[in-house]
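All remarks here apply to the structure that follows.
Computation of the quantities below employed the complete heavy-atom set of this structure, encompassing side-chain atoms and omitting hydrogens, waters and symmetry-equivalent molecules.
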Amino acid sequence: MLASRAARRFLSFSRFVSPSIPLRHLHQGAPRLDGNASIHPYAIIHPGAVLGKAVSVGPFCTVGSAARIGDGCELHPGCHVVGDTELGERCVVLSGAIVGADLPGRTIIGRNNVIGHYAVIGVKCQDLKYKPGDECFLIVGDNNEIREYTSIHRSSKSTEKTVIGDNNLIMGSCHIAHDCKIGKNNIFANNTLLAGHVVVEDYTHTAGSIVIHQFCHIGSYCFIGGGSVIAQDVPKYMMVSGDRAELRGLNLEGLRRHGFSSMEVRSMRSAYKKIFMPNDTESDGIENRLSEVAHDKELARFSAVCSMVQSICESFAQNRRGICKCRNWTSKRLG
């Protein structure tokens with residue numbers, strides 16, 4: 001009884017593979033399968049798939065015809081790797097996760113990544129600009145932990161890519177939409193939601209339940225407070241919170257943790273005050289204050305100050321969204 005029931009379940013997966021392949025050989029891809037691999041007999045491995053050395057595939061997994069699984073990868077029960085998808089060495093795909101899609105284009109996952117339970121990585125974007133048949137891409141770096149129920153979408157067109165860098169922690173139920181560019185060593189807390197074309201640099205940290213508007217740019221070493229709605233750029237080293245988010249000063253704790261010296265932090269605080277908290281309520285516009293800081297010999301000798309000024313200036317370039325307002329600005333200080 002149990003054997004026949006299991007056989008019926010197994011046969012239900014036959015639509016994923018060529019009907020000309022005997023079911024008892026589905027987990028044997030001939031020369032593409034290393035002898036040290038551990039493949040459960042109820043796994044569905046297409047003969048065209050390429051599996052590396054010491055791969056482990058659990059029951060009821062499916063691996064598509066164009067998939068390439070790197071050495072030492074672990075596919076836990078009930079996960080799926082489909083489409084033109086590459087998993088680098090020592091990746092772990094947990095139960096229920098889906099990686100890739102049967103669409104033109106590619107999903108490339110680097111080494112040592114963990115993809116959490118029921119995460120959906122490399123599927124079609126939710127953008128009306130996408131046209132069926134267009135190639136779309138997702139590239140993920142190394143050493144990322146992508147937790148449960150996270151969704152990361154491919155690009156919206158062939159000339160773009162969704163890119164995730166290295167060493168990021170993306171907690172549960174986050175969303176990274178099409179064409180986003182994420183740097184390295186970022187921490188996204190639960191329910192961090194990024195709309196399309198968002199750029200996040202390096203070493204940023206978000207608290208839970210934040211929303212970032214499309215085309216916004218988040219600079220390195222920023223902190224975004226819980227529940228924030230980001231509708232404009234956040235320059236480097238800043239801390240923001242609120243709906244709509246406002247600048248709340250420098251991310252002092254983050255700067256300390258990442259090894260910025262006390263002299264660098266003092267210089268950045270001085271520059272921040274000159275730019276966003278001028279004593280004279282009739283002071284010139286922000287462009288002039290930025291120029292004043294950039295030409296201040298005492299402040300300009302610190303590369304962090306120069307980087308902060310450049311980050312702010314770039315946010316006022318054409319096709320950028322400007323920066324979040326400072327909570328200390330009055331209508332006369334907006335410049």
Side-chain angles (χ1 to χ4, degrees), residues 180-181 183 186 194-195 197-207 210-225 227-256 258 260-335:
C180 285
K181 305 292 187 293
N186 298 293
L194 277 60
H197 304 278
V198 167
V199 176
V200 180
E201 295 182 0
D202 306 326
Y203 297 97
T204 66
H205 190 169
T206 74
I210 73 141
V211 179
I212 302 181
H213 192 281
Q214 61 184 353
F215 293 101
C216 283
H217 194 119
I218 311 300
S220 297
Y221 301 99
C222 289
F223 180 82
I224 300 176
S228 297
V229 177
I230 309 297
Q232 293 178 288
D233 291 359
V234 181
K236 286 183 176 179
Y237 315 120
M238 304 294 175
M239 180 169 58
V240 299
S241 66
D243 178 15
R244 299 301 195 251
E246 297 178 338
L247 299 177
R248 304 299 176 111
L250 294 174
N251 179 20
L252 297 176
E253 181 60 22
L255 296 174
R256 182 190 66 79
H258 288 102
F260 285 81
S261 70
S262 57
M263 287 290 291
E264 287 178 304
V265 173
R266 280 199 293 271
S267 68
M268 282 190 280
R269 292 185 73 173
S270 178
Y272 182 93
K273 289 179 180 178
K274 286 178 178 290
I275 296 168
F276 297 113
M277 303 168 63
N279 292 323
D280 182 6
T281 58
E282 301 295 331
S283 71
D284 294 333
I286 189 171
E287 294 86 355
N288 291 333
R289 298 198 295 273
L290 287 166
S291 178
E292 181 183 342
V293 170
H295 291 89
D296 186 312
K297 293 183 179 179
E298 184 64 26
L299 295 176
R301 66 190 181 95
F302 293 97
S303 61
V305 172
C306 297
S307 183
M308 182 175 74
V309 170
Q310 181 180 0
S311 178
I312 297 169
C313 290
E314 288 174 350
S315 291
F316 290 107
Q318 189 176 9
N319 300 322
R320 293 284 291 271
R321 295 186 59 80
I323 63 172
C324 294
K325 294 180 180 179
C326 178
R327 66 183 305 188
N328 297 291
W329 278 344
T330 65
S331 59
K332 292 183 179 181
R333 292 181 182 174
L334 292 177

Exercise for the section: Indicate yes or no: at least one non-hydrogen side-chain atom of Asp233 is less than 4.5 angstrom from one of Ile218. Expected result: no
Handout entry: Straight-line distance of Arg320 CZ to Ser315 OG, nearest 0.5 Å
Key = 4.5 Å
Problem - Exercise: do Glu201 and His217 side chains pair donor with acceptor under 3.5 Å - result: yes
Practice task
Salt-bridge test for Arg256 and Glu253: reply yes if a basic N is under 4.0 Å from a carboxylate O, no otherwise.
Solution key: yes
Problem - Nearest heavy atoms of Leu290 and Cys313, plus distance in Å - result: CD1-SG, 3.8 Å
Handout entry: Positive for side-chain contact (heavy atoms from CB on, under 4.5 Å) with Thr206, one of Val200, Asn186, Ile224, Leu194
Key = Ile224
Practice task
Can you label the angle between the His197 ring and the Phe215 ring as parallel, tilted or perpendicular, going by 30° and 60°?
Solution key: parallel
Exercise for the section: Could you tell me whether the side chain of Leu250 reaches within less than 4.5 Å of the side chain of Met308, counting heavy atoms only? Expected result: yes
Exercise for the section: For residues Tyr272 and Met277, determine if any side-chain heavy atom of one lies less than 4.5 Å from a side-chain heavy atom of the other. Expected result: yes
Fill in the blank from the handout: When rounded to the nearest 0.5 Å, the distance separating OH of Tyr221 from NZ of Lys236 is 8.5 Å
Practice task
Apply side-chain contact (heavy atoms from CB on, under 4.5 Å) to the pair Leu255 and Met268, showing each step before the final yes or no.
Solution key: CA-CA 10 Å; Leu255 296 174; Met268 282 190 280; 3.7 Å; yes
Exercise for the section: Kindly give the heavy-atom pair with the smallest separation between Cys306 and Ala300, and that separation in Å. Expected result: SG-O, 3.2 Å
Practice task
Enter the distance from Ile323:CD1 to Ser311:OG here, rounded to the nearest 0.5 Å.
Solution key: 9.0 Å
Exercise for the section: Of all the heavy-atom pairs spanning Ala245 and Cys324, show the shortest one and how long it is. Expected result: O-CB, 3.5 Å
Problem - Audit row: Ser262, Arg266, side-chain contact (heavy atoms from CB on, under 4.5 Å) steps and yes/no - result: CA-CA 6 Å; Ser262 57; Arg266 280 199 293 271; 3.9 Å; yes
Practice task
Would you give the length of the straight line joining atom CD of Glu298 to atom OG of Ser267, rounded to the nearest 0.5 angstrom?
Solution key: 9.0 Å
Handout entry: CD-SG distance between Gln214 and Cys216, expressed to the nearest 0.5 angstrom
Key = 8.5 Å
Problem - More than 12 heavy atoms of other groups within 6.0 Å of Lys274 NZ - result: no
Practice task
For residues Gly225 and Ser241, report the shortest heavy-atom separation together with the two atoms involved.
Solution key: CA-CB, 4.1 Å
Problem - Stepwise side-chain contact (heavy atoms from CB on, under 4.5 Å) test for Tyr237 and Ser307 - result: CA-CA 9 Å; Tyr237 315 120; Ser307 183; 3.5 Å; yes
Practice task
Nearest 0.5 Å please: distance from the CG atom of Leu299 over to the CD atom of Glu292.
Solution key: 9.5 Å
Exercise for the section: Report yes or no: does Gln232 contribute a side-chain atom to a donor-acceptor pair with the main-chain N or O of Arg321 at less than 3.5 Å? Expected result: yes
Problem - Heavy atoms of other groups near Arg269 CZ, more than 12 under 6.0 Å - result: no
Handout entry: Least distance between heavy atoms, Gly227 atom then Ile210 atom
Key = N-CG2, 3.9 Å
Exercise for the section: State, yes or no, whether a side-chain contact exists between Val240 and Glu246 at a heavy-atom distance under 4.5 Å. Expected result: no
Problem - Check: Val211 and Ile230 side chains under 4.5 Å, non-hydrogen atoms - result: no
Problem - Over all atoms of both residues, closest heavy-atom pair of Cys222 and Asn251 - result: C-ND2, 3.7 Å
Problem - Criterion side-chain contact (heavy atoms from CB on, under 4.5 Å) on Ile312 and Phe276, from CA distance to verdict - result: CA-CA 11 Å; Ile312 297 169; Phe276 297 113; 3.7 Å; yes
